[in-house]
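To find a chain, count down the sequence lines: A is the first, B the second, and so on, and within it residues start at 1.
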Protein chains: 2
Amino acid sequence: MTSISVVLVDDHTVVRSGLKALLGTQADIAVVGEAASGEEALEAAQQHAPDVVLMDLAMGTGMDGIEAIKQLRQRTPKQAVIVFTTYDSDADIVRAVDAGAMGYLLKDAAPEEIFAAVRGAVQGKSVMSAPVASRLFQQLRNPDEILTPREAELLSLLTEGLSNRDLGKRLFISEATVKTHLAHIYAKLGVETRAAAIATAIRREGMR
Amino acid sequence: MTSISVVLVDDHTVVRSGLKALLGTQADIAVVGEAASGEEALEAAQQHAPDVVLMDLAMGTGMDGIEAIKQLRQRTPKQAVIVFTTYDSDADIVRAVDAGAMGYLLKDAAPEEIFAAVRGAVQGKSVMSAPVASRLFQQLRNPDEILTPREAELLSLLTEGLSNRDLGKRLFISEATVKTHLAHIYAKLGVETRAAAIATAIRREGMR
DNA sequence: ACCAGTATCAGCCAAAAGGTGGAGAGACCA
DNA sequence: TGGTCTCTCCACCTTTTGGCTGATACTGGT
């Protein structure tokens, strides 16, 4: 059989060379291109027509990973995209899967896990790191906690530290509406104060 | 001249191999050992006696990077430690420099920057990525913003989303005292509400 | 001995946030 | 068409927060 061609997308030089070295040890996997940004990724995917795109979500500047995935899925639907990132934030996982990612690996994944994901991806199998899978599972299990788009927007602004009045101005809605949304958000997040909402929101959105 | 020996410490396999590949291109730099945790780092430093230790701060489990730096500085003071990490949080930078780090690089640093840091470190020069340097500079320029230990403790609990009453109970002080501390914290952080304080606190402590 | 910094507490008042209950409009789906 | 979801808004009331002023006490350094 012919070997699996892969394009790497990551703005960290060291991560790219690390992955390249790692994947290079496998006879059936060949890195055919690299990119340091979303824009470059689209180019590289077009030019090299790889079987798999291994992509970091956090790109320093320009198009972010999620947007890049969407574009890739549109332009070259046959290429499988695997997310390879440092953090397992709920929002990122859901958005990546939504955008059409075939797998979701964390950077501390064991080499074998990475190889398995690449090989699985070309066969249409989706592979994800254990912590990622459990997060995703929780999301599905608990649909009550899913915020509406408007609520999510509000919550995101909330984490900037804005007051109700400011939130209203920013979103062109009355303070009353802001309070209504907030009440719903608190209920869904299981908190009672905006302080706690901010805390859980920020922690859910990354790190940990 | 003899080449500079380096030990790499990072819990991500790909980052280690990437760095190794990158440093391997330089004739005067040789990677003599690797470690995936703080504990392993101490061992490797002892065993290989490198000139430079390149270390990530975030280690999945066990001893964290800061603690590892402190121990290294004590045991093998001649070895220069360079921090090589993803994020430039104020707290991490200050603590790392405090612990005795000779340099502070971000993972998106250009290869040349990394080489320069390694070469500089053995000569006693400290090299840090531009964003890191500017952060550090701000810290020094603005001593007003340094929180007292008690205030920092309060702020940290604040980010859990506690109310003033709860904060008082947790710290065994009256609500009045809590309010006093909070007022001071707000002034130092340059915010007016607890929501904004939480937001800036969490963002300063990492990510972004 | 004095001063600066820190930590503790109080009271008062205005502003902001949260709780409750209700309501209309548009979208979407069965 | 009827039901559900989402977004929008309102009024009333209680609780929480923040701003202000002032006070005591312990510490460490000059």
Worksheet item: Is the closest side-chain donor-acceptor distance between Asp28(A) and Ser3(A) under 3.5 Å?
Response: no
Fill in: Most 5' of His184(A) and Lys179(A) on DNA chain D, judged by nearest nucleotide
His184(A)
Discussion item. Counting only heavy atoms from other residues, nucleotides and ligands, does the tally under 6.0 Å from CD of Gln74(B) exceed 12?
Written reply: no
Discussion item. In this structure, how many angstroms lie between the P atom of dA15(C) and the CZ atom of Arg165(A), rounded?
Written reply: 9 Å
Worksheet entry | Which residue lies more 5' along DNA chain C, comparing Ala183(A) with Ser163(A) via nearest heavy atoms | Ser163(A)
Discussion item. Rounded to whole Å, please give me the gap between CD1 in Ile185(A) and P in dA17(C).
Written reply: 14 Å
Discussion item. I need the CG-C1' distance between Asp166(A) and dA15(C), as an integer number of Å.
Written reply: 13 Å
Worksheet item: Are the charged groups of Arg16(B) and Asp56(B) less than 4.0 angstrom apart, N to O?
Response: no
Practice prompt. Start with the C-alpha distance between Thr180(B) and His184(B), add both sets of side-chain angles, then the distance that settles side chain to side chain contact (heavy atoms under 4.5 Å, CB included), and finish with yes or no.
Written response: CA-CA 6 Å; Thr180(B) 305; His184(B) 293 158; 3.6 Å; yes
Discussion item. Side chain to side chain contact (heavy atoms under 4.5 Å, CB included) for Ile66(A) and Leu57(A)? Distances and angles first, verdict last.
Written reply: CA-CA 6 Å; Ile66(A) 300 285; Leu57(A) 283 186; 4.0 Å; yes
Worksheet item: On DNA chain D, which is the earliest and which the latest nucleotide, 5' to 3', with an atom closer than 4.0 Å to a heavy atom of chain A?
Response: dT6(D) to dC10(D)
Practice prompt. Report the distance from atom NE2 of His181(B) to atom C1' of dT6(C), rounded to the nearest whole Å.
Written response: 8 Å
Worksheet item: Tell me: CD of Glu151(B) to P of dT8(C), nearest whole Å?
Response: 10 Å
Practice prompt. Using whole Å, report how far CZ of Phe172(B) lies from C1' of dC9(C).
Written response: 17 Å
Item to complete: Check whether any side-chain nitrogen or oxygen of Asn164(A) sits under 4.0 Å from OP1 or OP2 of dA17(C), and answer yes or no.
Response: yes
Item to complete: Examine the side chains of Gln71(B) and Glu67(B) and answer whether a donor and an acceptor come within less than 3.5 Å of each other.
Response: yes
Discussion item. Under 4.0 Å from OP1 or OP2 of dT6(C): is there any side-chain N or O of Arg150(B) that close?
Written reply: no
Worksheet item: How is Thr148(A) classified with respect to the nucleic acid when contacts are heavy atoms under 4.0 Å: base, sugar-phosphate, or nothing?
Response: sugar-phosphate
Worksheet item: For atom CD of Glu175(A), is the number of surrounding heavy atoms from other residues, nucleotides or ligands below 6.0 Å larger than 12?
Response: yes
Item to complete: Give one of base, sugar-phosphate or nothing for Glu192(B), where a contact means two heavy atoms less than 4.0 Å apart.
Response: sugar-phosphate
Item to complete: Return the value, rounded to whole Å, for the distance between atom CG of Leu171(B) and atom P of dT8(C).
Response: 8 Å
Worksheet item: What nucleic acid atoms does Thr177(B) come within less than 4.0 Å of, heavy atoms only: base, sugar-phosphate, or nothing?
Response: base
Worksheet item: When the distance from CG of Leu182(B) to C1' of dA7(C) is rounded to whole Å, what number comes out?
Response: 14 Å
Item to complete: Report which part of the nucleic acid Thr180(B) touches: base, sugar-phosphate, or nothing (heavy-atom distance under 4.0 Å, all strands).
Response: base
